[in-house]
Amino acid sequence: MSGDHGRGDSQVNSGSKGSESHKHKDKHKEKEHKHKDHKKDKEREKLKHCNSEHKEYSEKKHKDKQKLRHSDGSSDKHREKHKDKDKEKRKEDKSLSSHSNRTKKEKENGYVRERSPAAIKSEPEDDNGFYLSPKHNKATKPAVYRFEYKPKKVKVEHDKKAKKRKHEYEDDEEDEYTKHKKKTKDKKATEGKKAKKEDEEKWKWWEEERYTDGSKWRFLEHKGPVFAPPYEPLPDKVKFYYDRKAMKLSAPAEEVATFFAKMLDHEYTTKDIFRKNFYKDWRKEMTSEEKSVITDLNKCDFREMSEYFKAQSEARKQMSKEEKQKIKEENERILQEYGFCIMDNHKERIGNFRIEPPGLFRGRGDHPKMGMLKRRIRPEDIIINCSKDSKQPKPPPGTKWKEVRHDNKVTWLVSWTENIQGSIKYIMLNPSSRIKGEKDWQKYETARRLKKCVDRIRSQYRDDWKSKEMRIRQRAVALYFIDKLALRAGNEKEEGETADTVGCCSLRVEHIKLYPKMDEQEYVVEFDFLGKDSIRYYNKIPVEKRVFKNLQLFLENKQPEDDLFDRLNTSILNKHLQELMDGLTAKVFRTYNASITLQQQLKELTCPEDSIPAKILSYNRANRAVAILCNHQRAPPKTFEKSMQNLQTKIDEKQKQLSAARKQLKAAKADHKASHDEKSKKAVEVKRKAVQRIEEQLMKLQVQATDREENKQIALGTSKLNYLDPRISVAWCKKWAIPIEKIYNKTQREKFAWAIDMAEKDYEF
DNA sequence: AGATCTACTTAGCATAGAAGCA
DNA sequence: TGCTTCTATGCTAAGTAGATCT
């Protein structure tokens with residue numbers, strides 16, 4: 001296990017660290033005058049956090065906010081002004097500051113979407129174990145690649161070549177690749193043309209050549225997207241009221257109003273920004289008459305509309321079986337017609353063939369654009385991508401596509417530009433498709449190549465901590481964080497366009513705190529920031545002295561809102577990584593560390609003599625270690641406490657049952673001792689079996705309870721789907737005779753079909 | 001050399017549908 | 001069988017990263 005971090009079995013932990021962070025956060029807030037209206041969100045947060053500490057925190061936050069409110073009866077305008085001033089000031093600061101010449105981000109979030117107080121245990125690490133490993137230094141060897149990165153003219157890899165590669169490359173997986181090819185060669189010859197169904201489903205694309213010229217396909221045919229159903233005006237009986245008076249809205253204005261009405265139960269319809277954005281966009285849809293009447297959102301009453309939609313969804317639930325069946329069939333028909341495409345002789349499932357319906361935008365976290373109208377996409381907005389020689393999809397009658405192009409250097413079938421951020425959205429294939437699968441496989445191969453040179457890279461960045469050049473030190477410390485803590489790269493973001501979140505390279509001074517000494521530990525760094533999706537990252541970890549000293553240096557003469565790594569960005573970092581290993585980028589470290597952690601944890605946690613459920617618990621624990629590493633959190637399910645209680649009741653009952661059964665067994669034994677006849681002997685056996693059965697059931701329940709408790713606010717799915725080399729899991733299943741269905745559900749099995757087919761029990765990541 | 005654009009992966013959440021239970 | 005609870009799936013936002021433009 002070379003280059004392994006030796007991560008312990010980090011467990012969920014909501015101890016004192018959490019409260020520390022909260023205090024910190026609170027101070028933070030007051031200092032920065034963050035006082036946006038996020039009462040409702042906090043309430044939601046409160047619900048999410050079941051531990052009392054969190055409640056305390058939320059309440060305190062709430063009080064703080066109230067205080068602030070009182071101190072300045074802040075109107076929106078006031079706040080805006082304040083913000084602008086702040087912005088300007090910062091701009092000036094920046095131009096004066098010699099070390100920071102990059103765009104600075106406005107820190108304006110009051111709403112913090114953080115969850116677990118401290119999900120991550122900082123493990124005191126043996127740094128020697130960390131950096132040195134027996135398999136060391138293949139640095140001098142020319143790198144060997146499974147996939148070509150800068151493909152030249154060669155179009156398709158042919159068998160011969162693949163075989164030749166087998167000798168050239170020592171990659172285990174390479175052997176398998178060729179092996180498979182041989183095995184299926186005969187079969188393939190008889191296959192001939194494509195008989196649609198069964199052969200298609202079983203198509204093993206991983207046994208075929210890949211394109212190496214950068215093209216993604218030769219032939220592509222599809223039916224185009226499915227548009228959102230047109231707006232159906234409300235029945236006349238459902239009224240909208242303005243200033244208590246019923247008012248009939250024009251269809252466009254009414255439609256947008258219904259979007260708001262549908263969200264009425266959500267707390268964000270009470271947020272200032274949301275309301276402001278919504279109102280602004282709504283007015284654009286109004287007739288001039290409506291505009292003159294409706295001048296204040298607060299006087300709008302959407303409740304009747306809201307009730308109507310609730311009743312509708314209730315009615316949908318109450319529909320008869322036949323009606324439901326009919327809808328199901330219709331959906332199936334649409335799926336069959338639009339849900340598949342033909343790509344290079346194979347029918348492939350499309351991932352998202354429906355165009356996103358119009359509605360109100362709700363970004364995650366404290367998003368400046370929340371509430372804006374996401375407009376309806378029309379055929380005129382749509383770019384179709386397909387091959388020239390295919391049957392082109394027809395736009396709906398009386399409409400035209402924006403463009404039809406034939407670009408086989410990309411994988412998307414349909415695209416359009418979305419109006420909130422102006423970004424492009426795509427329709428692409430399902431994860432089970434060849435095109436996605438190959439890429440996924442390739443991703444893990446890159447991570448495996450990193451495994452081979454990670455020791456070298458680690459020793460290099462450690463050397464770089466001593467560099468004379470600031471930029472190199474910064475790069476080295478950032479890389480250390482990315483490697484050790486699995487932080488994301490942290491691209492720059494356009495200020496004011498999105499929620500204020502950061503990754504490694506975009507960390508600011510205010511996101512870390514240094515403690516030369518904390519409790520028993522020396523050189524502790526405390527991280528507290530909002531990452532992707534505004535999920536809070538909170539962690540305290542001891543670092544090496546040199547890292548600590550460097551951080552102190554980076555912090556010198558900086559304001560809280562200045563960049564920690566002012567001489568670094570993701571592009572610089574990735575360019576450097578590219579030089580260290582072909583195909584290496586910051587995110588590869590996440591993949592690598594996730595997968596290697598799973599493999600190592602599985603080795604450590606699986607007991608050969610355990611039952612299958614116990615082994616699965618071990619698997620989930622290994623999976624959990626990764627999820628914690630990658631900070632994959634989730635809101636504790638709304639019914640968590642209750643379902644936990646139910647489970648406990650069941651366990652108690654089972655326990656009673658067990659002791660009763662044991663008593664009976666004892667009695668039967670005594671009986672047998674006395675009588676020594678066949679009948680009593682049989683009775684003993686029967687009772688013994690009963691005890692055994694109940695014991696097993698109890699065990700299963702207990703395992704389930706543990707698993708669930710530990711999983712309260714950790715999401716396993718993301719890492720399973722995106723970070724863990726599926727071959728590790730498949731190999732583990734094969735080794736311990738665990739049915740693969742216990743680990744991967746149907747969708748996951750489809751996505752990982754390649755891994756399930758090719759990984760043997762001795763697979764090593 | 002930074003800004004912008006493009007393509008693609010990764011992310012959490014809502015909800016539909018399946019499974020379990022009284 | 002009808003209700004509750006759990007799980008799978010769909011949805012789409014939010015990242016990463018490379019290419020291209022200025």
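Please read these numbers as outputs of a predicted model, since none were measured by experiment. All values below were derived from every heavy atom in this structure, side-chain atoms included, with hydrogens, water molecules and symmetry-related copies excluded.
At the phosphate of C/dT5, OP1 or OP2 sits under 4.0 Å from a side-chain N or O atom of A/K642. In this structure, A/T498 does not reach the C/dA13 phosphate: none of its side-chain N or O atoms is under 4.0 Å from OP1 or OP2. When the side-chain nitrogen and oxygen atoms of A/H632 are compared with OP1 and OP2 of B/dA11, one or more of them lie within a distance under 4.0 Å. OP1 or OP2 of C/dT16 sits under 4.0 Å from a side-chain N or O of A/N491.
A/D381 contributes no side-chain N or O that, together with a main-chain N or O of A/I377, makes up a donor-acceptor pair within less than 3.5 Å.
In this entry the distance linking CD of A/E418 with C1' of C/dA14 reads 11 Å, nearest Å. Taking atom NZ on A/K575 and atom P on C/dT16, their separation rounds to 17 Å, with Å as the unit. A/W412 places its CH2 atom 9 Å from the P atom of B/dC8, with the value rounded to the nearest Å.
The A/R590 side chain lies nearest to B/dA11 when the options are C/dT12, B/dA11, C/dA14. Of the candidates B/dA7, C/dA13, B/dA14, B/dA14 carries the atom nearest the A/H266 side chain, counting heavy atoms from C-beta on. Considering only side-chain atoms of A/S643, the nucleotide from C/dC6, B/dC8, C/dA8 that sits closest is C/dC6. The side chain of A/I424 approaches B/dA7 more closely than any other nucleotide in the set B/dA7, C/dA13, C/dC6. In the set C/dG15, B/dA11, C/dG18, B/dA11 carries the atom at the smallest distance from any side-chain atom of A/T718. You'll find that the side chain of A/N574 is closest to C/dA17, out of B/dT9, C/dA13, C/dA17.
Nucleic acid contact class of A/K374 (heavy atoms, under 4.0 Å, all strands): sugar-phosphate only. Within the 4.0 angstrom heavy-atom criterion, only backbone atoms of the sugar-phosphate kind lie near A/A586; the bases stay farther away.
Between A/K409 and A/D213 there is no salt bridge, since none of the side-chain N atoms of the basic residue sits less than 4.0 Å from a carboxylate O of the acidic one.
For the pair A/K587 and A/D407, nearest-nucleotide mapping onto DNA chain B gives the more 5' position to A/D407.
A/D344 pairs in a salt bridge (Lys or Arg N to Asp or Glu O under 4.0 Å) with only one of the listed residues (A/R218, A/R210, A/K216, A/R434), which is A/R434.
Annotation: A/H367 is in aromatic contact with A/F361 [ring centroid separation under 6.0 Å]. Taking the ring centroids of A/F527 and A/Y538, they lie at or beyond the 6.0 Å cut-off.
Within residues 328-341 of chain A, no residue has a heavy atom under 4.0 Å from DNA chain B.
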Taking N or O atoms only and anything under 3.5 Å, show me the protein contacts with nucleotides 20-22 of chain B, one pair per line.
{"unit_1": "B/dC21", "atom_1": "OP1", "unit_2": "A/K650", "atom_2": "NZ", "d": "3.0"}

